[in-house]
Amino acid sequence: MEYTQLGRTGLKVSRLVLGTMNFGPQTDEADSHAIMDAALDAGINFFDTANVYGWGENKGRTESIIGNWFAQGGGRREKTVIATKVYGNMDPDGATVWPNHDKLSALNIRRAVDASLKRLRTDYIDLYQFHHIDRDTPFEEIWQAIDVLVQQGKILYVGSSNFPGYKIAQANEAAARRSGTIGLVSEQCLYNLAERRAEMEVIPAARDYGLGVIPWSPLHGGLLGGIIKKEVQGGRRASGRAADTLKDPAARARIQAYEDLLDKHGLEPGEVALAWLLTRPGITGPIVGPRTADQLESALRAVELELSEDLLTGLDEIFPGPGPSPEAFAW
């Protein structure tokens, strides 16, 4: 496994991030624990979760599964950099949102941290991430709440998720006005070969402010994992965003061209999609969300995969990025 610093910090994290969103809803606790053990054995030390994972009536379930794994001992907690998130309402889906039970008010942050610590069965969170922007709460209030939690030893670093570039700038400028506040150190955003809009503003802002970038959905909902070939062979069919995308003939043609290109090079689509992200400037590591141990093994191979210039050129031709900012949208 390769390691890198998380943004401008001294924290060393693996270049693959273990995503845990499937733990609970799709992968039972025993299999989830086996996957986390295998990830740790392979050198993955960076695990990502969120307080709402588990979803529906089981929000918080994923953090509890991780907490039960930590409780088994064996250095599991000490070896793991755990990242979780705050923003969403923790009541069951469809329930009335009680005031101050979601978003980024100082009150909700305080409550949410304590609840996550209890479920994770730990006394500190390595990376605490804002899951979304809160248009109603000023950053001065947010940083005041975070400063208290850092002083209490409950969190070490803070990151953002799904932030536009200007919000990254606002957050870190507000932090700079406060003595001793380090500000955001990472941004977790949607970024992959098929969805490159983050290159317009988010990634440039993150790099300028020293944030590590952690892409989520690196396979774009399965589209970049060989979905057409799997359908032809009678395997897993596309669903959700992937199925909707494939209804567009032009989009389907791009995915087919992508699979054909990689077939020509004798490479697996999912592994190449991850390896491509590892070549991108400013990227800490993509989040992989395996449902099974076999899927984890496939993701691990991407770290050692070297992509030729010819292949990288071919990928850019199929999935052209927006170009440098601001030239991409200006003269």
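No side-chain donor-acceptor contact under 3.5 Å links Y128 and K154. Side-chain polar atoms of Q256 and D260 form a donor-acceptor pair below 3.5 angstrom. H131 and Q188 share no side-chain donor-acceptor pair at under 3.5 Å. N45 and S14 share a donor-acceptor pair across their side chains, judged by distance under 3.5 Å alone. A donor-acceptor pair shorter than 3.5 Å cannot be found between the side chains of E187 and N162. No side-chain donor from either of Q129 and Y87 sits under 3.5 Å from a side-chain acceptor of the other.
Pairing each heavy atom of S217 with each of N192, the nearest pair is O-ND2, 2.7 Å. Taking both residues in full, the closest heavy atoms of A302 and E271 are given as CB-O, 3.4 Å, listed atom of the first, atom of the second, then distance. In plain terms, the two heavy atoms of L104 and I109 that are nearest each other are O-CD1, 3.5 Å. Heavy-atom minimum distance, F139 versus A171: CE2-CB, 3.5 Å. Closest approach of T62 and T20 over heavy atoms only: CG2-O, 3.1 Å. Minimum heavy-atom separation, G183 to A175: CA-CB, 3.6 Å.
A donor-acceptor pair under 3.5 Å is formed between the side chain of S64 and the backbone N or O of G60. Side-chain atoms of E141 come within 3.5 Å of backbone atoms of A106 as a donor-acceptor pair (strictly under, hydrogens ignored). For R61 (side chain) and P25 (main-chain N/O), no donor-acceptor pair under 3.5 Å exists by modelled atom type. A distance-only check finds a donor-acceptor pair linking the side chain of K230 to the backbone of G225 [under 3.5 Å]. A donor-acceptor contact shorter than 3.5 Å is absent between the side chain of E173 and the backbone of A169. Side-chain atoms of Y209 do not come within 3.5 Å of backbone N or O of N172 as any donor-acceptor pair. Between the side chain of S160 and the backbone N or O of F163 there is no donor-acceptor pair closer than 3.5 Å. In terms of modelled atom types and a separation under 3.5 Å, the side chain of T9 and the main chain of L11 share a donor-acceptor contact.
V81 and Y3 are not part of a single hydrophobic cluster, where members link through side-chain heavy atoms under 4.5 Å apart. Transitive grouping of hydrophobic side chains (ILVMFWY, heavy atoms separated by less than 4.5 Å) keeps I214 and L296 in distinct clusters. The hydrophobic clustering, which links ILVMFWY residues whose side-chain heavy atoms are closer than 4.5 Å, places L40 and M36 together. Residues F23 and W55 do not share a hydrophobic cluster, defined by chaining ILVMFWY side chains whose heavy atoms lie under 4.5 Å apart. Placement of I255 and L311 within a single hydrophobic cluster is found when ILVMFWY residues are connected by side-chain heavy-atom separations under 4.5 Å, directly or transitively.
Side-chain contact between K103 and R135: absent, with no pair of heavy atoms (C-beta onward) separated by less than 4.5 Å. The shortest side-chain heavy-atom distance between I287 and P215 does not fall under the 4.5 Å cut-off. Counting only heavy atoms from C-beta outward, the side chains of Q5 and K12 approach each other to under 4.5 Å. Between K229 and V232, the closest side-chain pair of non-hydrogen atoms is not below 4.5 Å. Looking at heavy atoms from C-beta onward, D28 lies out of side-chain contact with I65 at the 4.5 angstrom threshold. With a 4.5 Å cut-off on side-chain heavy atoms, L127 and V158 do not count as touching. Two residues are said to be in side-chain contact when any heavy atoms from C-beta on lie closer than 4.5 Å; L278 and E2 fail this criterion. Residues S298 and Q295 fail the side-chain proximity criterion, which asks for heavy atoms closer than 4.5 Å.
Note: Y191 and W276 meet the aromatic proximity criterion, with ring centroids under 6.0 Å apart.
Once rounded to the nearest 0.5 Å, the distance linking CG of L193 with CG of D316 reads 8.0 Å. The CG atom of L211 lies 8.5 Å from the CG atom of L6; values are rounded to the nearest 0.5 Å. The CE atom of M1 sits 13.0 Å away from the CZ atom of F46 when rounded to the nearest 0.5 Å. Between atom OG1 of residue T27 and atom CD1 of residue I35 there is a gap of 5.0 Å, rounded to the nearest 0.5 Å. For the atom pair L246 CG and R254 CZ, the distance stands at 10.5 Å (nearest 0.5 Å). Put simply, CZ on F319 and CZ on R196 are 10.0 Å apart, with the number rounded to the nearest 0.5 Å.
Counting non-hydrogen atoms of other residues, nucleotides and ligands closer than 6.0 Å to CZ of R110 gives a total of 12 or fewer. At most 12 heavy atoms of other shown residues, nucleotides or ligands fall within 6.0 angstrom of atom CD in E57. Atom CZ of R197 has 12 or fewer heavy atoms from other residues, nucleotides or ligands within 6.0 Å.
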Trace of the ring-ring contact (aromatic ring centres under 6.0 Å, His included) decision for F47 with W69 = CA-CA 12 Å; F47 291 12; W69 181 75; 5.5 Å; yes
key: salt bridge (charged side-chain N to carboxylate O under 4.0 Å, His left out) assessment of E259 paired with R252   = CA-CA 11 Å; E259 294 187 15; R252 188 179 185 90; over 6 Å; no
Worked verdict on V213 versus S186 for side chain to side chain contact (heavy atoms under 4.5 Å, CB included) = CA-CA 6 Å; V213 177; S186 63; over 6 Å; no
task = For I182 and R8, run side chain to side chain contact (heavy atoms under 4.5 Å, CB included): C-alpha distance rounded to whole Å, both residues' side-chain angles, the deciding distance at 0.1 Å, then the answer.
result = CA-CA 10 Å; I182 191 173; R8 64 189 184 281; 3.8 Å; yes
Audit row: D48, K85, salt bridge (charged side-chain N to carboxylate O under 4.0 Å, His left out) steps and yes/no = CA-CA 9 Å; D48 177 76; K85 308 183 193 75; 2.8 Å; yes
request  = Output, in order, the C-alpha distance, side-chain angles, deciding distance and verdict of side chain to side chain contact (heavy atoms under 4.5 Å, CB included) for V150 and L156.
outcome  = CA-CA 6 Å; V150 170; L156 302 182; over 6 Å; no
key: side-chain hydrogen bond (donor to acceptor under 3.5 Å, both in side chains) between D147 and T181, intermediate numbers included   = CA-CA 7 Å; D147 286 347; T181 301; 2.9 Å; yes
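A cation-pi arrangement is present between R77 and F70, with the terminal nitrogen or guanidinium carbon under 6.0 Å from the aromatic centre and inside a 45° cone about the axis.
Screening residues 320-331 for side chain to side chain donor-acceptor pair (under 3.5 Å) gives no qualifying pairs among residues at least two apart or on separate chains.
Between R177 and E140, at least one side-chain nitrogen of the basic residue sits less than 4.0 Å from a carboxylate oxygen of the acidic one, meeting the salt-bridge criterion.
For the side-chain hydrogen bond (donor to acceptor under 3.5 Å, both in side chains) criterion with E63, the lone passing option out of N51, T84, T122, T49 is T84. Among D91, N89, D93, the single residue meeting the side-chain hydrogen bond (donor to acceptor under 3.5 Å, both in side chains) criterion with K59 is D93.
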